A.B. asks: 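Could you have a look at this structure, given as structure tokens, before my questions?
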Amino acid sequence: MTALVWLLPAFPAAGAALNGVFGIRWFNRTVTAAVACLSMLASLALAIVAAVNVARVPLARTVVLGDWIPAIPAVTSNGHLPFHVAWTLLMDPLAAVMTLVVTGIGLLIHVYATAYMREESRGSYARFFCYMNLFCAFMLLLVLGGNFLVLFVGWEGVGLCSYLLIGFWYQKTSAVDAGRKAFIVNRIGDWGFVLGIMAAFLAFGTLDLQGVAAAAGHWPIERAQFGGLSIICLLLFVGAAGKSAQIPLYVWLPDAMEGPTPVSALIHAATMVTAGVYIVARNAVLFSHAPLVLAIIAIVGALTALMAASIAVVQTDIKRVLAYSTISQLGLMFLAAGVGAVSAAVFHLVTHAFFKALLFLGSGVVIHALAGEQDMRRMGGLKRYLPLTFVTMVIGALAIAGAPPLAGFFSKDEILLQAFGRNRALWALGSLTSLLTAFYMFRLIALTFYGPYKGDAAREPHDARGAMAVPLMFLAIGTIVVGFIGIPRTLGGANAIEHFLAPSFTETRPASVAIIAGQPDPPGTAERVAEARAELARDRAAHRAAFPVTEVTQERAWALMLLSALIAATGLAGAWRFYVTHPDVPRRAAERSSALHALLVNDYYVDDLYHATIVRGTFAAAREFWRVDLRVIDAFVNAWGIGTRVLAWISHIVDKLGVDGAVNATGWTAGEGSFLVRRGQTGLVQNYALLILVGVCAFLTLYMLAPGLELMRDLFAARQ
Amino acid sequence: MPITPYHYLVLAAALFTIGVIGVMVRRNIIILFMSIELMLNAVNLNLVAFSRLYGHVVGQVFALFIVAVAAAEAAVGLGILLAFYRNKETLNVDEVNLLRG
Amino acid sequence: MAHLLSLILFTPLAGATLLLFVPRAQEQAIRWMAAIVATLGFVVSLPLWFKYDFGATGWQFAERAEWIPSIGASYYLGVDGYSALLVLLTTLIGAIAVLCSWSAITERVKEYYVSLLVLQTGLLGAFMALDFLLFFLFWEVMLVPMYFLIGIWGGGRRLYSAIKFFLYTLVGSVVMLLGILALYFVNHTATGSYSFDVTQMQQLAIPFALQKWIFLALFFGFAIKVPMFPFHTWLPDAHTDAPTAGSVILAAIMLKMGTYGFVRFSLPILPDASRYFVPLVAALSIVGIVYGALVALAQTDWKRLVAYSSVSHMGMVMLGIFALTPIGLTGALLQQINHGISTGALFLIVGIVYERRQTREIAEYGGLSKAMPVFAAVFLIMTLSSIGLPALNGFIGELLILQGVYIVHPIWAGAGAVGIVLGAAYMLWLFQRTMFGALDRQENASMADLGLREIVTFAPLIALAIWIGIYPSPFIRRLEGTVTRVTARVSPGALPAVAGVPPGAAPALNETGAGTGFTPPLASCDSAPSAPTSAAPGAPPNFVTMASCGDAPAKPAPNAAPQPAPHTPPKKPGGR
């Protein structure tokens, strides 16, 4: 049964394949929608079954689907260990929770999108659902991945689908640019992530998630210095920051709102951006051994939360408010993880998925009703036209603000509680963020639903109907209900989710089992199961010790909870005053502190800073290098060519003048010399006769003188 | 004074010199031929004188050969002269420069 | 089959000869014949895949014949896993190149296909030759047809590019010849007989100082071919101005000649010099990765952009090779195949739009997804393959390379990994500028989508990209032999110890201390005296006679299941 876990990503993948290959050409909208939603429904069913299984038997199951990269010898810190990666999936409590979120929220959003995207052409409709299903398949692969590389396949896959979906309306340049920005910023994070994976292999000799956790348990905790484990964790966090839009890699998320609203809801609220939190949670054991990195994560999370919340206060585009809100809430999740409350982070992930998706889908209804209007300054008075949407969005806003007893209250309260126990400054940042969150969220509600109706009087906006309404209702109910899985002990609850997730975070792994897909369970599985149950009971204490969190007293817990509720109320009241009862207050406030206002509206000029430095710098470097390539390197090469030709010309000249000249000179000499010699040939007999005579006389002289010459020579020789 | 062989030699030398100068100086071809004959005869005289001096007949025989050769050479030369005269209408040896280079 | 390699080698040549007899006017007949010959060439090379012997440690399908006995040159062909994969890639790309020029080449069709087939022979011969002179012959043979291909059927500044390509590569080859001759004489000094036999040279122990010079000589020839920074400037011109098939073959195959030379010759024959020069080569490679990517970002010519991306990718491959670890080497060898597939496909893609609109300027295009959806899908898949998206082939190669580099030098891996960010930047920007955006030009809107022939040229590449990405095991297992052998020669410490070999054996026979550069300390296996020439002159040397410490360790059997996560005993909380 467990071996069927591979079906979880397979169903959406099949849906994507069907819609992609056949749907674009031949399916009509109904068939496309049915294929997409049914595949998600099947996955959801399987996820529920898997979760139930895991709840009954808290055994981490690794399913091996097949070999991927065969063993290659390598030298690691533990000696010679082969680099060997297989396609494995891991099903344990954390994975169960994540798959439930992905498939559940995913199904609801798919259903919503079947109505939202109805105006697209048939081919585009099919393309949309192909991408959506593909995204869900990759996301499931990510959360189910049994080793870092399978996880990374999902990781990059969701990045790809995000790129395709943000730029879905690809004729719009801004959309395509936003998609590219998202992909590249994610890639910068992936740079760190990949290096982290490689460092992990070097340190542990395996990339299997269970194996890494087990190996990490033997390493010392690096409290004082930045050791090897800290480097691994830091690199992994760089990747997480890229994916989950933390400082400094968050700039892609607001622009990603160019995509259709269901995309924003699914990818940029509920699932993909939570992958970073999932990474930290999945490697909780590893991170717990690097407290310095955890501190960095907490600080970055808190700062991101506050910064994003502050920017959201002045945003005018409804989706951008929600985008910055997502960044802010993700910051809170990382804050939780950083202080050691990993299950609180995951709990908040779950609740956030519900209410953020709800808010996004609600805003989608608003946008749809106003025929594409996204600027809140042109909205207003929609309360009476869109009652269902109003109610559900108010529920969502209350949840995110942290109003009890909705989901957000319990999860956020848990985070703040744990933060308080660890570091008051972080708690203060978190609380301030909550205040701002409540404020801007109700500002959104007020601007959208209250006040005079500024739209077209003739064209009455209609509320969500059918396929768009049902998901809203489900999400609203979920928002109310899902908090109850995490009611803390202080309130008398069982904190079920923390206990459910505990086995995934403990260093002492309950027995885990590796199952080969297609083969029967290995022998001894039943014994292991019994052992696991016993061990879980023992492990609860160990879990608490693994993450040393100061136990806060009951009174303090109550006090903090009350404070959170008060903060929420304050924020709500503030928004009410600013935007409903005294609507000109914000305008005057903006005028009075215009510098601050400008700073916030331009998101602290971070985007501009990046553009001016990194983007322009990269392009400038690219052009400069190209110029170097052409003018310097190629010039050098061409100079060789030119030099050779100059040499050749010199050779030619030397050849023509020197060598050939010598040859010609010989001929010329011969020719000119002959002129001289010719003058002796007069043709006159008497001259010849004279010459004969002269010659004879000369010979005679010589002949006769010869003895005399010899005589003289002998005389000379004798004289000396 | 008795006539010694030296008288003959001197005479032969003088005749020979006159002949050489004639060959080189005179322009008329017939005079040239006559000078060549003179040279040849001077040599004859020399030969005969030595023949008489040494008392054997070799010199005289050689002189007879030279007379015959001189005759033949004169005949051939006059033939060439006639051919030349028919072409050039002059007996000036300076005009015989067809082999000029 | 006894003469499989010769058959593979001479099929294109035979086809070219046959083509010579077809009258010039029968263009369709020529095209069909060339296509059949090229496909036949691929089919003939398939036994290299199916009949590959995983257990063999030596050269497979080897054949040897006397060629020039007086100087010791023999006709010696043989493959191992790496060259077998390269040969298969060559024949496949050759067939694809012939198919893709069907409608693109309309003048001097006969000469074109003859040149293409002769070029194919040159490429195949270089990959199969185990005799240095034979290798050099084939190395030079492929220059001339390429020169003609660029110079006659190319575009732009084709004459300049052709001459530049030819002379630049020739200069490198000539310097390489010096190295070859030096090795020839060193071989004679060591073994007493003159021979160009590469397998023999791979077992020599050459003095370190001499090794350095020979390495530099060979480096010059191979580095120009790779191309490594700063010897790369011939590549943009040659790639851009060549016809589509020429670019495809140039990028997919010819660039691999350089890296093949390093792996086959420089590393095994000159291990100490290879170790010594690792910092230099790694630095040049990293510069190549980043520089190539950045310059690609600035390009406005589609083909030139892809050409510079090749510089970047090959820089990554060189980095992997010179990490001198099994993982890095495996990744580098695999990435060569991947690069052939993805960059070959990218050049095909450019060729398709060029054929339709005769322009390569990126600014001339835009919004093509609407007009050519199938083309857009193919382009997207190949873009993703090129930037290393997991589940496609590029990822496996890049991951293994970076992991291999990380093991020995993490900073280098960090620098090299910047390439994955920049790769995404320029490729996605290219994709966006050409495929997305408004379709506002009429010329673009009326462009025809992919036809059947064009889909056939892409299909094998897409299939391979997905296959290698999801299940690279058959490819990696075929590379094991080469990786083990080369690593044993050049950094034996990276391999698990084999029974009977003392770990950390002191390096000997080198004048200076070998093993400079990086940890782990390396044991040189050069301590064994060089093997004498085998008794039977006709038999290829048996590789097992090499010093035993270099022999392939017992490879782990292809296992179906990894070890399950260890069952750790419960740990007391107080132990923290």
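Letters go in sequence order (proteins before strands), and every chain restarts at 1. Values in this document were obtained by computation on a predicted structure and should not be read as measured data.
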A.B. asks: What residue in C/V171, C/I387, C/L392 has the most heavy-atom pairs under 4.5 Å with chain A?
C.D. replies: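 Looking at each of C/V171, C/I387, C/L392 in turn, C/I387 comes out on top.
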
A.B. asks: Do A/R180 and C/F431 come close enough that some side-chain heavy atom pair is under 4.5 Å?
C.D. replies: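 In short, these two side chains do not touch, never coming nearer than 4.5 Å.
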
A.B. asks: Minimum heavy-atom separation for A/Q171 and C/G437, please, with both atom names.
C.D. replies: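 Heavy atoms of A/Q171 and C/G437 come nearest at CG-O, 3.5 Å.
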
A.B. asks: For C/Y291 and A/F625, indicate whether the former's side chain and the latter's backbone hold a donor-acceptor pair under 3.5 Å.
C.D. replies: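 Side chain of C/Y291 to backbone of A/F625, a donor-acceptor pair under 3.5 Å: yes, one is there.
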
A.B. asks: So which of A/V176, A/V153, A/T173, A/L202 has the biggest tally of heavy-atom pairs under 4.5 Å with chain C?
C.D. replies: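 So the answer, after comparing A/V176, A/V153, A/T173, A/L202, is A/V176.
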
A.B. asks: Please classify the contact between C/V418 and chain A as side chain, backbone, both or neither, with a heavy-atom cut-off of under 4.5 Å.
C.D. replies: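 Contact with chain A is through both the backbone and side chain of C/V418.
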
A.B. asks: Where does C/L380 contact chain A at under 4.5 Å (heavy atoms): side chain, backbone, both or neither?
C.D. replies: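 Side chain only.
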
A.B. asks: Relative to chain A, which segment of C/I396 carries a heavy atom at a distance below 4.5 Å: side chain, backbone, both, or neither?
C.D. replies: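 The answer is the side chain of C/I396.
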
A.B. asks: Which pair of non-hydrogen atoms, one from C/S473 and one from A/D67, has the smallest distance, and what is that distance?
C.D. replies: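 Scanning both residues completely, I find the closest heavy atoms to be OG-OD2, 4.2 Å.
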
A.B. asks: Can you name the closest pair of heavy atoms from A/W191 and C/G414 and give their distance?
C.D. replies: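 Smallest interatomic distance, heavy atoms only, reads NE1-O, 2.8 Å.
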
A.B. asks: Please classify the contact between C/F231 and chain A as side chain, backbone, both or neither, with a heavy-atom cut-off of under 4.5 Å.
C.D. replies: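 It is neither, since no heavy atom gets under 4.5 Å.
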
A.B. asks: Tell me, out of A/T206, A/D177, A/D190, A/I188, who's got the most heavy-atom pairs with chain C below 4.5 Å.
C.D. replies: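 Ranked by contacts with chain C, first place is A/D177.
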
A.B. asks: At a heavy-atom separation under 4.5 Å, does C/V374 approach chain A through its side chain, its backbone, both, or neither?
C.D. replies: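 The side chain, not the backbone.
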
A.B. asks: Sort C/I163 into side chain, backbone, both or neither according to what part of it lies under 4.5 angstrom from a heavy atom of chain A.
C.D. replies: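 When you check distances to chain A, no heavy atom of C/I163 falls under 4.5 Å.
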
A.B. asks: Could you check if a side-chain atom of C/L297 sits within less than 4.5 angstrom of a side-chain atom of A/R623, using non-hydrogen atoms only?
C.D. replies: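 No. Closest side-chain heavy atoms not under 4.5 Å.
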
A.B. asks: Who wins among C/Q299, C/M435, C/Q432, C/E398 for the most heavy-atom pairs under 4.5 Å with chain A?
C.D. replies: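 Highest number of heavy-atom pairs under 4.5 Å: C/Q432.
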
A.B. asks: Verify the ring-centre separation between C/W429 and A/F183: is it less than 6.0 angstrom?
C.D. replies: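 A/F183 vs C/W429: aromatic centres not under 6.0 Å.
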
A.B. asks: Could you have a look at A/L195, A/V150, A/V194 and say which one has the most heavy-atom pairs with chain C under 4.5 angstrom?
C.D. replies: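 Counting heavy-atom pairs under 4.5 Å, the top option is A/L195.
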
A.B. asks: Just give me the residue among A/N638, A/I197, A/T618 that pairs up with chain C most often, heavy atom to heavy atom, under 4.5 Å.
C.D. replies: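 Option with the greatest count: A/N638.
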
A.B. asks: Measure across C/H232 and A/I633 and return the closest heavy-atom pair with its distance rounded to 0.1 Å.
C.D. replies: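 What the structure gives for the nearest pair is CE1-CD1, 3.8 Å.
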
A.B. asks: Given that the side chain runs from C-beta out, which part of C/Y426 has a heavy atom under 4.5 Å from chain A: side chain, backbone, both or neither?
C.D. replies: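 Neither the backbone nor the side chain of C/Y426 comes within 4.5 Å of chain A.
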
A.B. asks: Would you mind checking which part of A/V628 comes under 4.5 Å of any heavy atom in chain C, side chain (CB onward), backbone (N, CA, C, O), both or neither?
C.D. replies: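 Backbone plus side chain of A/V628, per the 4.5 Å heavy-atom cut-off to chain C.
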
A.B. asks: Applying side-chain contact (heavy atoms from CB on, under 4.5 Å) to C/Y471 and A/I69, what does each step give before you reach the verdict?
C.D. replies: CA-CA 7 Å; C/Y471 189 58; A/I69 301 179; over 6 Å; no

A.B. asks: Compare every heavy atom of C/L294 with every heavy atom of A/A621, then report the nearest pair and how far apart it is.
C.D. replies: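 Distance-wise, the nearest heavy atoms are CB-CD1, 4.3 Å.
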
A.B. asks: To the nearest 0.5 angstrom, please state how far the CG atom of C/L389 sits from the OH atom of A/Y163.
C.D. replies: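 Here the rounded value is 12.0 Å.
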
A.B. asks: Counting only heavy atoms closer than 4.5 Å, note whether C/F475 contacts chain A via side chain, backbone, both or neither.
C.D. replies: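 Contact with chain A is absent: no heavy atom of C/F475 under 4.5 Å.
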
A.B. asks: Can you tell if the side chain of A/V637 reaches within under 4.5 Å of the side chain of C/W234, non-hydrogen atoms only?
C.D. replies: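 No. Closest side-chain heavy atoms not under 4.5 Å.
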
A.B. asks: Just by distance, do the side chain of A/E156 and the backbone of C/P390 share a donor-acceptor pair under 3.5 Å?
C.D. replies: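 It does not hold such a pair.
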
A.B. asks: Tell me the closest heavy-atom pair linking C/V295 and A/W626, and the distance in Å.
C.D. replies: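 So the two residues come closest at CG1-CD1, 3.5 Å.
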
A.B. asks: If you count heavy-atom pairs under 4.5 Å between each of A/F619, A/W169, A/F636, A/W155 and chain C, which one has the most?
C.D. replies: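 Of A/F619, A/W169, A/F636, A/W155, A/F619 has the most heavy-atom pairs under 4.5 Å with chain C.
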
A.B. asks: With the threshold set at 4.0 Å, does a side-chain nitrogen-carboxylate oxygen contact exist between A/D634 and C/K164?
C.D. replies: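 Yes, charged N to carboxylate O under 4.0 Å.
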
A.B. asks: With ring centroids as reference points, do C/F395 and A/F152 lie under 6.0 angstrom apart?
C.D. replies: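 Ring centroids of C/F395 and A/F152 are less than 6.0 Å from each other.
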
A.B. asks: Where does A/A199 contact chain C at under 4.5 Å (heavy atoms): side chain, backbone, both or neither?
C.D. replies: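 Contact with chain C: backbone and side chain both.
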
A.B. asks: Do A/I72 and C/L400 make a side-chain contact, defined as non-hydrogen atoms from C-beta onward lying under 4.5 Å apart?
C.D. replies: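 Yes, close enough: below the 4.5 Å cut-off.
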
A.B. asks: Would you mind checking which part of A/R25 comes under 4.5 Å of any heavy atom in chain C, side chain (CB onward), backbone (N, CA, C, O), both or neither?
C.D. replies: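 For A/R25, side-chain heavy atoms alone lie under 4.5 Å from chain C.
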
A.B. asks: Report which part of C/S369 has an atom under 4.5 Å of a heavy atom belonging to chain A: side chain, backbone, both, or neither.
C.D. replies: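 Answer is both: backbone and side chain atoms of C/S369 are under 4.5 Å from chain A.
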
A.B. asks: Testing the 3.5 Å rule here: is there a donor-acceptor pair between the side chains of A/D629 and C/Y308?
C.D. replies: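 A pair is found: one side chain offers a donor N or O, the other an acceptor, under 3.5 Å apart.
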
A.B. asks: Non-hydrogen atoms of chain C under 4.5 Å away: do they reach the side chain of A/I24, the backbone, both or neither?
C.D. replies: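 Neither part.
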
A.B. asks: Under a 4.5 Å heavy-atom cut-off, does chain C meet the side chain of A/W87, its backbone, both or neither?
C.D. replies: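 Just its side chain gets close to chain C.
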
